[in-house]
Amino acid sequence: LFSVVASQCSVSSGINAEYGGIVSKKAQKKCLKAIGFSKPCISIWSYNIYNTRSKCFWTCMWSKMTDEPFNKPDGSLNDCLQCDEDKSGPNFKYFSGRTRRNSGIPSSIHRPDSQVYHMEHCYWYGDL
């Protein structure tokens, strides 16, 4: 859920995460704080976005301009997502501790079944 909200937050603050944050790092941090991210989470998300921008900007711009799907016909990631995975992914996984994949959260990016942890998400909204 936070991944989806953070992506929406990035877009709404003029910082499309796919391109590594184009407009304002300050606006992005403010938005992430407003949706409840802790300071450490804000830091790693911001680093991930800006590192991807510095390493993958033109690759991701080309993917967007050509309306490249998230996955290639063989199931591999498109060039932008693969760049992000290679250049920013290891640091993000190490410091965040959680990803959509290891949390069992579905994504619009297809991943091999072996990379996704399957778990039942149970949410409790009543009294304990």
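As a basis for the values below, the full set of heavy atoms in this structure was taken, side chains included, without hydrogen atoms, waters or symmetry mates.
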Please tabulate, for the side chains in residues 33-44, all donor-acceptor contacts under 3.5 angstrom to protein atoms that are two or more places apart in sequence or on a different chain.
from  : atom 1 : to    : atom 2 : distance (Å)
Ser38 : OG     : Cys41 : N      : 3.3
Ser43 : OG     : Lys39 : O      : 3.1

Legend entry - Gap separating the NZ atom of Lys72 from the CG atom of Asn78, nearest 0.5 angstrom: 7.5 Å
Legend entry - Step-by-step side chain to side chain contact (heavy atoms under 4.5 Å, CB included) determination, Lys29 to Ser46: CA-CA 7 Å; Lys29 286 183 174 188; Ser46 293; 3.5 Å; yes
Legend entry - Check SG atoms, Cys83 and Cys60, less than 2.5 Å apart: no
Inset, instruction - Working to the nearest 0.5 Å, report the span between NZ of Lys55 and OG of Ser88. - result: 8.5 Å
Inset, instruction - Could you pull out the closest heavy-atom pair between Asn91 and Tyr47, with the gap in Å? - result: ND2-CE2, 2.9 Å
Inset, instruction - Would you please say whether a donor-acceptor pair under 3.5 Å links the side chains of Asp79 and Thr59? - result: no
Legend entry - Atom of Glu85, atom of Pro90 and distance for their closest heavy-atom approach: O-CD, 3.2 Å
Inset, instruction - Not counting sequence neighbours, which residues clear side-chain hydrogen bond (donor to acceptor under 3.5 Å, both in side chains) with Ser96? List them please. - result: none
Legend entry - Atom pair SG/CZ of Cys80 and Phe57 - distance to nearest 0.5 Å: 10.5 Å
Inset, instruction - In sequence, state the C-alpha distance, the side-chain angles, and the governing distance for Ser54 and Asn51, and then conclude on side chain to side chain contact (heavy atoms under 4.5 Å, CB included). - result: CA-CA 5 Å; Ser54 73; Asn51 189 63; 4.0 Å; yes
Inset, instruction - Taking Thr52 for its side chain and Asp84 for its backbone only, find out whether a donor-acceptor pair lies under 3.5 Å. - result: no
